[in-house]
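Single-structure report; data block below.
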Amino acid sequence: MTGKNTRLLLVDGNSIIFRAFYAIRTQLTNHDGLHTNAIYGFKLMLDSVLTTYDPSHVLVAFDAGKKTFRTEKYAAYKGQRDKTPSELTEQFGLVKELLQAYGITSYDLPNYEADDIIGTMAAQAEAAGYDVTVVTGDRDLTQLATDKVTVAVTKSGVTQMENYTPAYVQEKLGVTPRQIIDLKALQGDSSDNYPGVTGVGPKTAVKLIKQYESVEALYENLATMKKSKLKEHLEQDQANAFLAKDLARIRQDAPVAVTLADTQRQPVDIDQLVDLYQRLDFKRFLAEIHADQAGRADKKSQLAVDILTNVQDLTTVEYHDGDNLAFVIEVDGDNYHRAPLAGFAFKINDHYFASRDVTLLQEKPLRNLLESATIPVDVFDSKQTYVALNRLGITLRQVNFDLLLVSYLLNNADNSKDMGKLAQEHNYFELTSDEKLYGKGAKRALPADDAVFCGHLAQKTKAIHDLEQQLLTELQQNEQVPLYVDIERPLAIVLAQMEIAGVRVDTDKLMEMQSKFGERLAEIQTAIYAEAGEEFNLNSPKQLGVILFEKLKLPVIKKTKRGYSTAVSVLEKLRGMAPIIDNILAYRQLSKLQSTYIEGLLKVVAPEDGKVHTRYTQTLTATGRLSSVDPNLQNIPVRLEEGRQIRQAFVPSQPGWEIFSSDYSQIELRVLAHVSGDHNMQQAFRDDFDIHTNTAMRIFGIDDPEQVTANQRRQAKAVNFGIVYGISDFGLAQNLGISRQQAKRFITTYLENFPGVERYMREIVEYAREKGYVETILHRRRYLPDIKSKNFNLRSFAERTALNTPIQGSAADIIKTAMIQMQDALQSRGLQARMLMQVHDELIFEAPQEEIPLLEKVVPEVMDSAVQLDIPLKVESKHGATWFAAK
DNA sequence: TATATGACG
DNA sequence: CTTCGCGTCATATAC
């Protein structure tokens, strides 16, 4: 059998897997915590060589085990090798499965190494007239290179190869491929753990082999060599040299049972591959398979979509009770409060219709669908949909299924806001991602073609429906239906209403502060330049580092990746050593306020109403908290007086109104007292005792609260917070500036005094290890695949997360529940007061002055009864003419 | 695009 | 023996 289409690819399986394992350092694991990096890398390598060499035949050879004929000849062979990490061994079987799905033969032979299988097959194939390519990460195999056999050795990563032909070997090493065995005979191999001739390294070996051509010839002529240390060593180590040559020689006559015919490539088994990729969570590869198949199927799945262009077209819209309705409104940009509304699509059972003209939604037939209290609508993101429709004067009434929200509840890790990508996470590939269809960054543009654009939107409505049953079933299995139906789904609408309401900003006040701060910054800057003796960019940590640590020779406390750290913690330690430090600290503080809060805020005030309309992200955090963007209203300064002034610019939207705010007192510690069931902690909360003083009394062994000093209370407070976050003695020591032993004593004493907390900490980590996730009181989940990691850092982090998430997440559950009930309470009492902001444990309202007394009663009542814990919740309220004055 | 810094709970 | 408490977002600069 000859011909140019017969090319045999021989892959050194073990070597490539090891290579992939160490080359791909990213933490890749599937949903069960199984490591997948080596499989991933192997797959990349395989695709790359299959494309490059397009072989008709392929064989992947593996080592059969540790024992081989080489270990029989020499017991210490490869004896120095570390045990293969379990993160890697667990991947071997799956690589073999991958090969099977690819239609590629894999083979191992007891007593022989993969190298020998490759050597033997290469010889057979060459004799049969094949072209042969060997793929390996091991240079030793280059000894197999001939005119017909090329050896590709991985260079960097797993897909970059260096091709060794005989000519290339000659050029690189100065010897022929077969002579590589002779080189190794003389120099030995430290990684395979066998010696050669004492004192002979690569240089001498090459020189000798060039001169004598082989080890055998060298020893035949050894007598003629003139007396030297080298000659003595060669004589002494002759046995070693011949043993090494035997070990180094790759066998070409191993009793291999596969024939060349067996190595012929078989068709790829798509079903098996899909099954494997699903188990491995290889989303991207699944998407590739799907795209490939879709391409082949010649787009037969194109939906029939009615494209509506005018009011007359609406006569085709028909809805009957019980029909399924899915709806999508496309917003061209992130900020759905302002970005253009680009089009919409409906799905009613199997009828799809779409349009670019969003004003058609205002017409009766469509408006009725969305505003009906009895027609449930399925959407992707109900909050965005509600806000967008609100801009058209339409009120979305009945959301049934919200794909984004449900997906987030099922797994809050990697939840894309791009529906196509999110669908892929659930193994659904019929929807192109927005990023792919629209492009990203500067190149982003909606398709000009109506059929393409409307077809895409219609496809979105289909994706929502296609995923609905599957996701709702999973939700049910997780016991998360109430979390969705009672909390997150109604909360989306509450948040939409808060965002739409917006917060009035006093821009005059901000501009006044801007010029005041500007002057002050200029003064400080001048002073700093004088003290530094030169001008430089104060905002550059790099340039500042040079001034402080090189020019002024201040001691270096901490380094960063790029150079000296100039963080506040460092500067504080340098205080008093140079007057410049205080000025730098003042400058930092002020410029932060100026750029982020004053100028940043001014940029996002809507000119139409003088308000900021933040967006609360409901599907982002791992714990269940909200986040706030554009602007972030959850990190407006409060701790330092100068920064707190910014809050003077947050004002009520109507004259005679006030800002009213209520916050939960110690909610996280109360949640800890609840979930841990610790009696001592619970008692303190029931007695409404100062919790930090209580902790101080216990860890310092004080009976009388009057005897607790301010410093003891401060330290106790740090311990309390540390416990919530999953404490370490090191962390606490850092925080309090005490010794590690002292910190350790604090923690031990704490846990002795709060045995329920101690038990909780043990049990929650055990729970996470068993189930792979932790839960909040309302069944919000967080998966922790790293909890079983052998990497200390990753595992410790997962353990701390296991402690912290149920606490932080349950607190989030509580305030979310309160927010839904709050909106009802305000409405049912006919109050004008409006809920405007949520800052994790705090709700902020605006209200007419005369409603304040009622709010002082109603708001805390709703908040402290939102969720019943074993201990009471406590709420504190305040109000004033501005957010600043509400204190 | 990544890093350093600093604002919040 | 390791590690250096959790969750966010915005800005400016360096790469």
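Model, not experiment: these values are computed from the prediction. Residue numbers start from 1 in every chain, and the chains themselves are labelled A, B, ... in the order their sequence lines are given, proteins ahead of strands.
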- Message: Per the ring-ring contact (aromatic ring centres under 6.0 Å, His included) rule, what does the pair list look like for residues 775-807 of chain A, sequence neighbours excluded?
- Response: A/Y773-A/Y783
- Message: Classify A/R740 by what it touches in the nucleic acid, base, sugar-phosphate, or nothing, heavy-atom distance under 4.0 Å.
- Response: base
- Name the nucleic acid region contacted by A/F721, choosing base, sugar-phosphate or nothing; use a 4.0 angstrom heavy-atom cut-off, strictly under. base
- Message: Within the 4.0 Å heavy-atom criterion, would you say A/A622 contacts the bases, only the backbone, or no part of the nucleic acid?
- Response: sugar-phosphate
- Item | Nucleotide nearest A/K542 (side chain, heavy atoms from C-beta), chosen from C/dA14, C/dC9, C/dG7 | C/dA14
- Query: Which of these passes salt bridge (charged side-chain N to carboxylate O under 4.0 Å, His left out) with A/D813: A/R625, A/R781, A/R780?
  - Reply: A/R780
- Query: Considering only C/dT3, C/dA10, C/dT13, which nucleotide approaches the side chain of A/N539 most closely?
  - Reply: C/dT13
- Query: What are the bounds, 5' to 3', of the part of DNA chain B that sits under 4.0 Å from heavy atoms of chain A?
  - Reply: B/dA2 to B/dG9
Using distance only, find each side-chain donor-acceptor pair of residues 597-606 of chain A under 3.5 Å and give its atom names and separation, not counting sequence neighbours.
{"residue": "A/Y597", "atom": "OH", "partner": "A/N635", "partner atom": "O", "Å": "2.6"}
{"residue": "A/Y597", "atom": "OH", "partner": "A/N635", "partner atom": "ND2", "Å": "3.3"}
{"residue": "A/E599", "atom": "OE2", "partner": "A/Q514", "partner atom": "NE2", "Å": "3.1"}

- For A/V568, report the nucleic acid contact type (base, sugar-phosphate, nothing); a contact means any heavy atom under 4.0 Å. sugar-phosphate
- Nucleotide nearest A/R800 when distance is taken to its side chain, options C/dT3, C/dC6, C/dT8: C/dC6
- Message: Counting distance alone, no hydrogens or angles: does the base of C/dG5 have a donor or acceptor under 3.5 Å from a partner atom on the side chain of A/N735?
- Response: yes
- For the student: nearest non-hydrogen atoms of A/I659 and A/E846, plus distance: CD1-CB, 4.4 Å
- Task: Please state how far atom CZ in A/R588 lies from atom C1' in C/dT13, giving the value in whole angstrom units.
- Result: 12 Å
- Message: Within the supplied structure, the quantity of interest is the number of heavy atoms (other residues, nucleotides, ligands) at a distance under 6.0 Å from A/K887 NZ; does it exceed 12?
- Response: yes
- Message: For a quick check of understanding: with a heavy-atom distance under 4.0 Å over all strands, which category does A/I636 fall into, base, sugar-phosphate or nothing?
- Response: sugar-phosphate
- Give the minimum heavy-atom separation between A/P637 and A/L593, together with the two atoms involved. CG-CD2, 3.8 Å
- Task: Using atom types as modelled and distance alone, determine if a side-chain donor or acceptor of A/Q384 lies under 3.5 Å from a backbone N or O of A/Y336.
- Result: no
- Using a heavy-atom cut-off of under 4.0 Å over every strand shown, decide if A/L620 touches base, sugar-phosphate, or nothing. sugar-phosphate
